[in-house]
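Take a look at the structure set out below.
The first residue of the sequence shown is numbered 1, and numbering continues consecutively from there. Remember, it's 1-based here, ligands and their atoms both numbered in the order they're listed.
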Amino acid sequence: MTTVNVYIPPTPASSYEIIIDDGLINHPQKWLPKNLSFHHLVIITDHTVKKYYLNPLVEALNKLGHYPLTLSFPAGEKHKHQATKQILEEKILRKHFGRDTLCIALGGGVVGDLAGFIAATYMRGIPYIQIPTTLLAMVDSSVGGKTAIDTPQGKNLIGAFWQPKVVVADIDCLKTLPEEHLISGIVEALKMFLTNDIDSFHYLQKNMSAIFQQNKRILKTLVQRAVTIKAQVVAADETEKNLRMILNFGHTIGHALEKLTQYKLPHGYAVAYGILLECSISRELGYLGEQHYAQIENALNQLGFHVDYLKKLNITNIIRATKSDKKASEGNARYILLKQPGEVHHENGMVAHAVDEQVVRAAFRRL
Ligand SMILES: NC(=O)c1ccc[n+]([C@@H]2O[C@H](COP(=O)([O-])OP(=O)(O)OC[C@H]3O[C@@H](n4cnc5c(N)ncnc54)[C@H](O)[C@@H]3O)[C@@H](O)[C@H]2O)c1
């Protein structure tokens with residue numbers, strides 16, 4: 001079993017562990033925090049994850065004398081909204097559960113964001129535990145305390161920073177994960193490594209086929225390396241004033257591609273193409289060398305992402321879509337730029353930069 005600590009200053013009380021191992025769902029005694037007292041327990045999951053993992057978790061909790069209320073909602077981003085939140089909250093309220101309730105989010109990023117936001121606001125905040133079941137949720141969304149729902153105006157626009165008490169990454173859950181979602185998780189790990197850790201970038205490249213073959217040892221190391229970075233970044237900048245923005249690498253273009261495809265392009269795939277074009281921007285500005293660009297392009301090619309997809313798109317539409325990104329500043333999209341794999345470009349201490357539209361166009365032509 002591997003553990004990584006997330007230290008959120010200045011309140012050590014909001015620090016927590018990420019526990020990574022196989023078989024964790026069947027052994028809650030390994031991760032239920034001993035210092036957490038609660039009288040009620042609610043598990044929130046989606047209909048797909050429920051089929052695979054709810055019963056084993058409930059049975060294991062029963063053995064410890066806990067009898068949770070179990071709630072689920074239809075899987076998918078389109079249910080991460082206010083109506084679902086309200087339905088679930090009313091079900092908990094009807095049981096008269098008070099502040100002494102512990103919430104467990106069992107699922108991918110959608111469940112984690114939604115259940116985390118319920119925990120953040122129910123009775124002005126109750127403790128919760130993240131049990132991520134997708135690779136993306138294990139390497140990224142379950143750590144860092146960002147919780148949110150979508151609105152017709154955009155994704156994740158209503159939410160709160162609310163840190164979990166513990167994150168439990170059970171690698172065994174990945175066995176049932178469709179390949180498309182495995183790839184999305186690998187892309188988010190790649191994002192983490194390209195901005196922070198060249199060794200892990202090489203590790204990922206070297207072990208790509210072992211990851212697809214579900215090699216447990218490699219998967220555990222991959223998750224551990226990615227969350228170690230996420231934990232460091234979050235500890236340094238919990239509320240995204242500067243450094244945490246490096247986690248948006250690939251996302252300025254990625255979000256624009258999601259919008260232009262009416263969210264038909266999966267998030268991780270959009271980020272992969274976003275990384276390609278944003279690296280081309282870094283190259284165009286002279287920060288990223290040709291050889292390093294080729295190395296990154298090669299890693300994305302290994303995952304099935306090629307520039308041909310981007311070349312068929314209209315750059316004017318992409319640029320327009322980047323301007324409405326919620327991280328744009330005064331209508332200008334901001335980018336995380338690379339100097340080399342593992343190192344981002346800093347200017348005046350800042351990591352996110354406005355880029356002239358003509359540079360984006362030139363970078364697109366050079367793909
Ligand atoms: N809070 C954050 O910091 C943060 C960071 C990144 C992304 N996100 C959010 O995460 C969400 C995307 O997360 P996701 O990719 O995990 O999507 P998801 O939660 O929709 O999961 C993808 C699909 O896989 C299914 N699934 C989950 N675990 C499974 C398993 N073990 N076996 C089989 N099927 C399984 C789900 O039911 C769903 O259909 C987005 O809403 C995004 O905004 C949040």
Side-chain angles (χ1 to χ4, degrees), residues 6 18 22 24-25 44-54 56-57 72-81 84-85 105-117 119-120 128 130-151 154-164 167-189 191-192 214 219 226-227 229-231 233-234 237-240 244-251 254-255 258 263 265-272 274 326-327:
V6 184
I18 304 153
D22 47 275
L24 288 169
I25 281 189
I44 299 177
T45 188
D46 71 30
H47 291 348
T48 307
V49 177
K50 177 184 176 177
K51 278 193 300 204
Y52 297 113
Y53 304 110
L54 184 63
L57 176 60
S72 62
F73 61 93
E77 185 75 31
K78 67 175 188 289
H79 297 284
K80 199 179 100 173
H81 55 47
T84 314
K85 181 172 184 271
L106 173 69
V110 166
V111 171
D113 279 10
L114 179 66
F117 190 34
Y128 77 116
Q130 290 270 17
I131 307 187
T133 61
T134 63
L135 184 61
L136 180 142
M138 287 183 197
V139 301
D140 194 351
S141 64
S142 64
V143 179
K146 273 192 185 177
T147 72
I149 51 172
D150 302 334
T151 73
K155 278 183 67 173
N156 299 325
L157 294 185
I158 305 289
F161 288 98
W162 191 243
Q163 301 293 342
V167 179
V168 181
D170 185 340
I171 297 296
D172 280 341
C173 294
L174 299 176
K175 278 190 217 146
T176 53
L177 192 66
E179 189 168 281
E180 171 194 315
H181 293 293
L182 191 68
I183 292 174
S184 287
I186 297 172
V187 171
E188 295 291 353
K191 165 199 83 177
M192 227 73 89
Q214 298 268 345
L219 281 169
V227 294
I229 294 169
K230 178 117 192 208
V233 171
V234 168
D237 179 17
E238 185 190 3
T239 52
E240 203 173 42
R244 190 166 179 170
M245 287 185 201
I246 59 170
L247 302 175
N248 295 323
F249 175 55
H251 283 62
H255 284 151
E258 281 184 288
Y263 294 92
L265 186 66
H267 175 74
Y269 289 39
V271 172
K326 74 173 181 299
K327 284 171 183 128

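Annotation: T134 places an N or O atom under 3.5 Å from an N or O atom of ligand 1; distance criterion only. Taking any N or O of C173, backbone or side chain, at least one lies under 3.5 Å from an N or O belonging to ligand 1. Between D46 and ligand 1, at least one N/O pair is under 3.5 Å apart. In terms of polar-atom proximity, defined here as any N/O pair under 3.5 Å, T133 does make such a contact with ligand 1. Between T147 and ligand 1, no N or O atom pair is found at a separation short of 3.5 Å.
Per-residue contacts place Y52 under 4.0 angstrom from the following atoms of ligand 1 (heavy atoms of the residue considered): 33 (C). Short contacts between ligand 1 and K230, defined as distances under 4.0 Å to a heavy atom of the residue, involve ligand atoms 3 (O). The V110 neighbourhood of ligand 1 comprises atoms 11 (C), 13 (O), 18 (P), 19 (O), 20 (O), 41 (O), with distances under 4.0 Å to a heavy atom of that residue.
Contacts with ligand 1 closer than 4.0 Å are made by side-chain heavy atoms of K155 only, the backbone lying farther away. Contact annotation: for L136 versus ligand 1, heavy atoms closer than 4.0 Å belong to the side chain alone. The residue E188 has no part lying near ligand 1, judged by heavy-atom distances below 4.0 Å. Residue contacts with ligand 1 for H47 are absent, since no atom lies close enough (heavy atoms, distance under 4.0 Å). If you look at N156 next to ligand 1, the close heavy atoms, those under 4.0 Å, all belong to the side chain. Only the side chain of D113 comes within 4.0 Å of ligand 1, judged by heavy-atom distances.
In this structure, R244 contributes its side chain and V234 its backbone to no donor-acceptor pair below 3.5 Å. Proximity of a side-chain donor or acceptor of Y263 to a complementary backbone N or O of E77 within less than 3.5 Å is not detected. The backbone N or O of A160 lies less than 3.5 Å from a partner atom in the side chain of T147, making a donor-acceptor pair. No donor-acceptor distance shorter than 3.5 angstrom exists from the side chain of K85 to the backbone of L114, with no hydrogens or angles considered. A distance-only check finds a donor-acceptor pair linking the side chain of D46 to the backbone of V49 [under 3.5 Å]. In this structure, the side chain of E188 does not engage the main chain of V139 through any donor-acceptor pair within 3.5 Å. The main-chain N or O of I25 is found under 3.5 Å from a side-chain atom of D170 such that the two form a donor-acceptor pair. The closest donor-acceptor contact from the side chain of T45 to the backbone of G107 lies at 3.5 Å or more, if one exists at all.
Closest to atom 26 (N) of ligand 1, if we only count protein heavy atoms, is V49 CG2, 3.9 Å. Closest to atom 41 (O) of ligand 1 among all protein heavy atoms lies E77 OE1, 2.5 Å. The nearest protein atom to atom 32 (N) of ligand 1, hydrogens excluded, is given as T176 OG1, 2.7 Å; this is a heavy-atom distance. Looking at atom 35 (C) of ligand 1, its nearest protein heavy atom turns out to be L177 CD1, 3.8 Å. With respect to atom 39 (O) of ligand 1, the closest heavy atom belonging to the protein is A75 CB, 3.7 Å.
For atom 23 (C) of ligand 1, the nearest non-hydrogen atom from the set H79, K146, H181 belongs to H181. When the heavy atoms of G109, S141, G108, G107 are ranked by distance to atom 8 (N) of ligand 1, first place goes to S141.
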Evaluation steps, side chain to side chain contact (heavy atoms under 4.5 Å, CB included), between N156 and K80: CA-CA 9 Å; N156 299 325; K80 199 179 100 173; 2.6 Å; yes
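More than 12 heavy atoms of other residues, nucleotides or ligands sit less than 6.0 Å from atom CD of E180.
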